[in-house]
Amino acid sequence: MKRRYYYILGVVLLIGFAGFALASFRQTLTPYVSFDAARHEGRTVQVAGALVNNSTSYDLDSKSLRFTLKDPKTGEELPIRYHGLRPANFDDAISIVAIGTYDAKRQELAAAKLLVKCPSKYQGQEVKTYS
Amino acid sequence: MHYLSSLYLPGAVTLWCALIFALAALWGYVQALRGDDSAREFARRAYGFFAAAIVLTAWVMFILLLRRDFRIQYVYSYSGLDLPWFYQLTAFWAGQKGSFLIWLFWGALLGLPLRRAARKAEAPVMGVYLLTLLGLLFILVRENPFMMLAQTPPDGKGLNPLLQNNWMVIHPPIMFIGYAASAIPFSFAISALWRRDTTDWSRRAFPWALLGFLVLGTAILMGGYWAYTTLGWGGYWGWDPVENSSLIPFIFATALIHGLYMERTRGRFRRVNFVFAGLWYMSVLYGTFLTRSGVLADFSVHSFVDLGISGWLIGLMAFFGLTTLFLLITRLRTIPTSRNEDPLLSRGSFLMLASIAFIVSGVVITFGTSAPLLTAFLKNPGQVGPDFYNRVNLPIAVLIAFLLSLVPYLKWKGTPLKRLLRAISIPAVLAVAAAGVAVHLGVTNPLHVAFVLLAALALGTNFQRTAGLIRRGALRQAGGYLAHIGVGMMFIGFLASSAYDHSTKVTLVQGQPQQVGDLNLTFVRFVPHTTPRGRDSMLIKVVRPNGSTYNAYPEMFLNQRTQQLMVHPHVRTLPLQDLYISPIEFDPGTAANAPRQVELRQGESTTLNGYTIHFVRFDLHASGNALAEMQSGKPVTVGAVVQIQKGDGEVQELHPVYRFFPNGDAEAPPVQLSGGELVRIGAINTSASAIHLDVVGMASPQKAKPAELAVDVSHKPLIQLVWFGLYVVLAGGLLAISHRLGLALEPEQEPT
């Protein structure tokens, strides 16, 4: 009989853990959203877009990279601010993914991480961005 | 014929021969299974030819790379004249096709000893194994790596600068040995199920499973070490899909080797080991699918681009997955298994709990890595970050540390609690002391304290047990315990180096000492490279709290070919921690009243003391036609269109020019803004289509501005335990392989 209780306890623990894992999953999920949704979402999201020509500027004093992404489908634009190192192949990017939260005061997305997607120049793309 | 003429035939033909020989070997083994003994000899010979053809194919690719034969599209895409020969070698596995080829290369070679080691199960095991290899071979034949370009370009596109690193010469090929080895336990399992001959496979497959486990583990940590020492983001593990897709097979491999141990010594797990072997191989295929099909293109920092092989990979997964599932459903219930009658405090129960922990961890990581696919059905596809994986795996790791710490003194039939406690008393005292030290050093999270306590206990009890076995002259049986000592070390290293690293971002002004935590840093100077392939670095003098001094040389340089800014951290290893200094940004500063330099690419703009400077475009017709003059050898004039706006004032358009003379001289007369500020072109970078503008008078009065270097300074406590622990695990694993190989090569016997 005692063995049976162990099994029941084990199953309960497993179900509990599954619940915990699912809750963690939902909390840490950073959804891909449209630019418009990113402006209204309070939490960390990710957006993807093409770099708008001539929008890149590097502020020497505050050491931040500013650029604008354009949604290829809707044509909407979103300014991005990123502190830290300009990713190695930033200028060749065909698409840039920015992960961060929207700063409503400055009306730009404060990116904590950038993923840079390049044309098939390097298939085995391994670029860790500084976050 | 057009297709044929676009292929480099020596390579393509050997590849096709390999396919024919592989099919012949498969046919031979099928005949052998039907009872034709002469077919076995035929199949062996065909397999030998197949392996030779694959080796030859790889050799051809190798020679093409070393000869820098840019006619070949693959060589052109991944290598270049600027690379030394060993990086030409790295180009072999820099792309998809080459990495499939190296995978197949190891697979073919591993099959040679497998033929003999499988003994009486040779025909079915080799049959299944050949099927797994054929899956790869079909992909390669379709995506032929020997495609030629219509014309021979003078130089290749070059190798991704991040891969130009010694670790990248050896890390990927080792990883592919692990992938290739993953198919072997799977082949044993499937053939055993198929043939309903399920008693002996665990003995034969055991050393192979250990081999796959060890190689995967080593390769994973090697990749981590590469990331740590070259990428400069401060860690060795980022839970990226590419990393996870090699970690998941490793975790299932861990489950399998523990399950096989259970089966060989206790006769339990006869059924579930088939599931473990299946999960291991399927996770290899699934990981390959996730990273090679482009489904995660927007989610990973290093997913491969879609090569159009998603369909193949899905087909392979479906074929092997459904076959495995069918066999498990139809055959599993017929396998005799002994009832679990072990008490809770026994080795068997602990192994069972550990197996559950491994599987849960593997499933949860798979779940997290698949988040973009899973959530794609909802409105917004998303991904989970490192937080998710750390959070869910910590309790599992604590449980595993607990199991590890007691298992050396647990007997199969159970050990009374009192005896157990007596056996572990000395390590327990030491572990409590270690946990005390950890709390004293600022570890407050109760789960972390428990983890340190249990990992230290695991280290101690396994050490005590290993030492005892060595004293008794039974070193051969100590492999598992020895490996567990290493796991205890690595657990402590993982926790300390990831949860307790202190990182500070700071801007250092040249020549001015600055206190950063307990270190005193002075940015001494920028050190330009001296050799053509050399790298620029930053010299930083670091004074440690005990007064000792060292020079850190973090590197920061432009890759000449790609114009990418590369950054390599400087790592100083001390007994209890690493000091890790990674450069973020460098500002060379200006001399007093010297022109400020601004570098702008075409189309870019920047702000400088309230001035907005916009480089509109080059003007090749500023004075005559620059291109025509260049060809005729006359002085060439290149103009630039620059727009400057002071504050909100009027935009002024300037047309500075830069004149090259055939003798190498150049001149660039300054042009004036309405306010008297001067602008001239300092230099032109044609390959990046950028100009350097020297501007004077935009900041008044100009003071000297010293060079500044922004760096990230971090302490990585106990990180050496991660790497050192791996060596210990490797030593234990090799010991276990030699022990299990001896048993596997013994003639037929009943399990003990």
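Just so you know, these numbers use all the heavy atoms, side chains as well, and skip hydrogens, waters and symmetry mates. Throughout, a chain's letter reflects where its sequence line sits, starting with A, and its residues are numbered from 1.
Heavy-atom pairs under 4.5 Å with chain A were tallied for B:His614, B:Arg391, B:Gln602; the largest tally goes to B:Arg391. Per-residue counts of heavy-atom pairs under 4.5 Å with chain A were compared for B:Ile356, B:Leu600, B:Leu353, B:Ile396; the largest is that of B:Ile396.
Using a 4.5 Å cut-off between non-hydrogen atoms, no part of residues 100-110 of chain A approaches chain B.
Classified by interplanar angle (parallel below 30°, tilted 30° to 60°, perpendicular above 60°), the ring pair B:Phe388/A:Phe25 is perpendicular.
Scanning both residues, B:Met352 and A:Tyr7, for their nearest heavy atoms gives CE-CE2, 4.5 Å. The minimum heavy-atom distance linking A:Ala21 with B:Val392 is given by the pair CA-CG1, 3.8 Å. Minimum heavy-atom separation, A:Leu29 to B:Ala371: CD1-CB, 4.3 Å.
Of the atoms belonging to B:Asp342, it is backbone heavy atoms, and not side-chain ones, that fall under 4.5 Å from chain A. Contacts of A:Leu22 with chain B are made by side-chain atoms alone, with heavy-atom separations under 4.5 Å and no backbone atom involved. Residue B:Phe367 touches chain A through both its backbone and its side chain, counting heavy-atom pairs closer than 4.5 Å.
Atom-to-atom distance recorded for A:Arg26:CZ and B:Thr375:OG1 is 12.0 Å, nearest 0.5 angstrom. Remark: B:Ile359 CD1 to A:Leu14 CG distance equals 11.5 Å, nearest 0.5 Å.
Of the possible donor and acceptor atoms, one in the side chain of A:Thr30 sits under 3.5 Å from a partner among the backbone N and O of B:Gln383.
Contacts of B:Ser714 classified as side chain to side chain contact (heavy atoms under 4.5 Å, CB included), with partners at least two apart in sequence or in another chain: B:Ser503, B:Tyr580, B:Asp712, B:Lys716.
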Dump the intermediate steps for side-chain contact (heavy atoms from CB on, under 4.5 Å) on B:Val364 and A:Phe17, then the final yes or no. CA-CA 10 Å; B:Val364 163; A:Phe17 188 81; 4.0 Å; yes
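The side-chain heavy atoms of A:Phe20 and B:Pro395, taken from C-beta on, include a pair separated by under 4.5 Å.
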